K.L.:
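Got a structure here, written out as structure tokens. Questions coming.
Keep in mind that this is a model prediction, so the values were computed, not measured.
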Amino acid sequence: MCGINGFNFNNNELIKIMNESINHRGPDQGGYYINNLVSLGMRRLSIIDLSEKGKQPMSNKTKDIWIIFNGEIYNFKELRKELEKEYKFNSNSDTEVIICAYEKWGFNCINKFNGMWAFCIYDKRNNLLFLSRDRFGKKPLYYCNKDGKFIFSSEIKAILKHNIKKELNKKAVSSFLSYRYVLGEETFFKDIFKLLPAHNLIYNLKEKKIEKIWEYWDVSINPKNFSEKEAKFVLDKTLNKSIDYRKISDVPLGVILSGGLDSSLVTAILAKQENKPINTFTVKFSEKGFDETYYAKIVANLYKTNHFEVLINSSNFLGLMKEYTKFKDEPIGVPNEIALYLLSKKIKENVTVVLSGEGADEIFDGYGRKFTSARDYEILKKIKNLKNAEKIYKNKFSSLYKKYNGKFFNSELEHFLHEYKYWTKEEKNFILKEDAKSDIEEIFKKYIEKFDIPYQQKISYLFIKLHLPGLLNRLDSSTMSCSVEGRAPFLDPFLVEFAFNLPSELKTKWNISEEEINNINETGDSLSEKKNISKYILKEIAKNYLPKKIINREKQGFPIPLDNWFKKDFMEISKQILLDKNSKIKNLVNQENLSKWIEKNKNKDIKRFGQKIWMLISLELWLREWFPEL
């Protein structure tokens with residue numbers, strides 16, 4: 001685990017400066033490889049093979065293949081056994097396995113890997129750089145390709161150490177407000193891009209150009225006709241193996257335990273696999289209804305873990321937010337990321353590797369309201385084609401009529417975006433200045449139209465391809481800012497493929513008949529987790545490990561009491577930050593219209609009001625840190 005940097009020219013001082021800027025990602029060791037064509041650097045957080053032999057940059061025996069690598073290859077021992085028939089290994093590290101795998105299988109070597117990674121291989125034989133990023137985007141990788149210079153890094157701040165024009169990409173603001181992340185390849189910086197998850201890149205050093213970027217993996221459509229009993233057996237076995245893989249470490253490890261189903265299940269399985277107490281870590285909130293430590297303690301006590309808690313509240317929240325913003329390559333998009341940052345500080349005092357429950361909701365249809373809303377759309381589609389559509393909609397399905405303001409939808413995409421967006425297009429058009437407005441809905445269209453599968457499964461696919469990378473960036477940023485490695489057992493590729501292709505009734509189990517589902521006057525919001533069981537199959541195997549109190553809880557999702565804080569404690573300070581004449585956000589937002597929007601909605605029960613105000617503050621604080629010249 002580390003941070004990597006590089007560029008296509010010789011500059012000894014500049015590669016060292018880049019390395020220093022991401023020292024938090026790897027405080028244990030720094031390394032460089034420089035010749036007349038390339039400069040490669042890395043900062044190492046030692047996890048596997050703590051000896052000198054595990055150092056990077058690492059080369060093959062003939063010194064014509066070099067690698068810098070951020071991540072872990074969990075199946076490296078199996079691959080090593082296969083490769084030992086042809087190669088003699090010098091270390092016990094997974095890094096050397098990647099080198100040998102590349103020599104044997106070329107670019108296709110990545111299809112052999114089960115893990116998380118962002119790496120660059122310098123191939124002197126073929127005069128190229130080969131960059132790759134893992135299937136789900138657990139590890140970040142950014143690049144700038146301009147004026148014959150190709151620069152890449154684990155973090156944008158290192159790329160900015162070069163003499164390139166730092167320019168704000170104002171179009172990124174619209175994506176951030178709607179989706180909490182900048183979707184696609186773009187970033188908040190013009191001319192700096194992400195290598196997307198499951199993508200490879202080849203840079204031709206001789207011709208000084210990107211030769212190829214391609215997607216090497218996607219979820220496959222391969223329906224599983226398992227019985228419930230068979231599915232439970234395979235899932236239990238696969239999840240146990242995934243967690244066992246992610247124990248591979250030469251340093252202590254623990255679990256982020258929220259008290260919800262996913263992290264509790266990871267805790268339980270890991271505790272059963274280990275022969276000594278494991279470490280668990282939980283965030284505590286002062287506000288009633290948001291604190292989950294009661295449930296976390298049930299699991300911690302049941303499995304006799306070494307349990308740690310940190311407290312976050314309105315008094316330390318904004319201070320932590322400003323502190324954490326210094327590490328972020330884009331504004332903080334999810335408020336509980338600040339809680340994860342605080343928790344990571346506590347984790348680092350005790351362990352270096354931590355497991356989490358990320359990914360379970362995406363592959364097991366765990367966002368109950370979002371996935372159950374697929375039923376809303378199907379009903380509206382049927383009503384729309386009836387003779388007295390408006391009358392039936394308004395009278396027979398009055399709850400749906402109220403939820404959607406009498407609106408019908410022309411497509412699954414239109415409905416999904418209505419459910420998924422935070423700031424609506426109308427709200428953004430009202431507060432944003434013209435040059436900050438943009439529409440990136442084409443990205444969603446590409447994915448939602450790719451497969452001919454049920455709408456609910458399409459929602460899962462969209463979450464895996466577009467939502468998950470942002471979620472994983474949150475995990476990486478918060479943990480790595482404190483020199484901690486985060487691992488996500490639910491995102492084992494075999495587990496993802498298995499879960500994605502399960503019958504929908506094993507993921508969302510309805511407790512009412514199909515006739516009732518189609519005729520009941522309720523919305524997906526009110527039906528979710530009351531008339532159906534989300535993540536059904538996961539809850540079934542959890543019965544082998546956890547008490548009913550944990551399994552049958554309604555999903556909370558690591559909540560932060562934003563509406564409480566921003567309608568009370570933070571309302572005045574929010575206005576001061578956002579409406580000040582010297583604010584940075586005034587370059588993007590019409591402050592007069594923003595003031596009107598706040599006054600109009602501050603006393604209403606508007607959906608996500610606190611979240612929306614907080615996102616603007618996050619943007620303002622980030623601009624102050626990264627664009628003070630605005």
Side-chain angles (χ1 to χ4, degrees), residues 136 175 177-181 183 219 260-262 333-336 357-381 399-400 402-405 407 409 411-425 441 443-445 447-451 453-472 474 490-491 496 499-500 502 504-510 517 520 522-539 553-560 607-608 611-612 615:
F136 306 107
S175 176
L177 291 181
S178 279
Y179 312 117
R180 302 183 294 174
Y181 313 103
L183 297 180
V219 178
L261 173 69
D262 310 329
V334 182
N336 60 27
E358 262 80 8
D361 287 316
E362 287 73 19
I363 64 173
F364 289 106
D365 295 8
Y367 300 113
R369 294 183 177 188
K370 296 288 186 294
F371 285 102
T372 304
S373 75
R375 170 261 182 194
D376 293 357
Y377 174 75
E378 297 301 334
I379 289 174
L380 293 183
K381 190 167 68 170
S399 295
L400 284 172
K402 183 179 179 182
K403 175 182 177 180
Y404 295 111
N405 295 315
K407 179 181 175 67
F409 297 94
S411 65
E412 293 168 337
L413 176 60
E414 187 182 352
H415 175 262
F416 177 79
L417 291 175
H418 179 278
E419 290 291 286
Y420 186 64
K421 283 181 179 179
Y422 277 68
W423 287 80
T424 66
K425 184 181 287 187
E441 293 178 2
I443 293 176
F444 288 92
K445 186 176 181 182
Y447 290 108
I448 204 166
E449 294 180 353
K450 186 167 185 176
F451 298 122
I453 52 179
Y455 178 34
Q456 185 167 327
Q457 195 174 14
K458 287 183 180 180
I459 294 175
S460 181
Y461 183 66
L462 288 169
F463 271 108
I464 290 170
K465 301 299 284 189
L466 295 174
H467 178 84
L468 193 55
L471 196 66
L472 293 172
R474 173 196 75 162
F490 283 105
L491 294 178
V496 171
F500 185 75
L502 282 174
S504 63
E505 61 267 21
L506 291 182
K507 289 184 277 189
T508 303
K509 184 84 165 183
W510 286 92
I517 293 169
I520 194 169
E522 290 190 52
T523 67
D525 293 356
S526 61
L527 290 169
S528 176
E529 298 191 59
K530 296 177 180 67
K531 300 291 174 64
N532 65 29
I533 304 170
S534 64
K535 291 196 285 197
Y536 171 75
I537 192 72
L538 198 62
K539 289 176 180 176
R553 287 186 64 203
E554 281 195 32
K555 180 175 175 57
Q556 278 194 265
F558 213 152
I560 301 277
K607 190 178 182 182
R608 296 171 174 159
Q611 171 88 20
K612 292 174 182 179
M615 290 174 82

K.L.:
We want to know whether Y536 and D365 form a side-chain donor-acceptor pair, criterion being a heavy-atom distance below 3.5 angstrom.
P.N.:
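Judged by distance alone, the side chains do not pair up.
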
K.L.:
So, T508 versus Q456: side-chain donor-acceptor pair below 3.5 Å or not?
P.N.:
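Their side chains do contain a donor-acceptor pair, which is all the 3.5 Å distance test asks for.
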
K.L.:
Run H467 and Y420 through side chain to side chain contact (heavy atoms under 4.5 Å, CB included) and show every step you take.
P.N.:
CA-CA 10 Å; H467 178 84; Y420 186 64; 2.9 Å; yes

K.L.:
Can you confirm whether the side chains of E362 and Y367 place a donor and an acceptor under 3.5 Å from each other?
P.N.:
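Yes, Y367 and E362 have a side-chain donor paired with an acceptor closer than 3.5 Å.
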
K.L.:
Does the side-chain hydrogen bond (donor to acceptor under 3.5 Å, both in side chains) test come out yes or no for N336 and R474, once each step is laid out?
P.N.:
CA-CA 9 Å; N336 60 27; R474 173 196 75 162; 2.5 Å; yes

K.L.:
Angle between ring planes, F451 versus Y461, binned at 30° and 60°: parallel, tilted or perpendicular?
P.N.:
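Rings of F451 and Y461: perpendicular, over 60°.
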
K.L.:
On the 0 to 90° scale, with breaks at 30° and 60°, tag the Y377-H415 ring pair as parallel, tilted or perpendicular.
P.N.:
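Aromatic pair Y377/H415 classed tilted.
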
K.L.:
Taking the six-membered ring for Trp, are F371 and Y455 closer than 6.0 Å centroid to centroid?
P.N.:
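Between Y455 and F371, which both carry aromatic rings, the centre distance is not below 6.0 Å.
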
K.L.:
Under 4.0 Å between a Lys/Arg side-chain N and an Asp/Glu carboxylate O for E441 and K421?
P.N.:
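Salt bridge: yes.
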
K.L.:
Please say whether more than 12 non-hydrogen atoms of neighbouring residues, nucleotides or ligands are located less than 6.0 Å from NZ in K530.
P.N.:
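Check passes, neighbour count above 12.
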
K.L.:
Going by the rule salt bridge (charged side-chain N to carboxylate O under 4.0 Å, His left out), which residues pair with E449 if we only count those two or more places apart in sequence or in a different chain?
P.N.:
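Here no residue qualifies.
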
K.L.:
Ring-plane angle category for Y404 and F409, please: parallel below 30°, perpendicular beyond 60°, tilted otherwise.
P.N.:
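Y404 and F409: perpendicular rings.
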
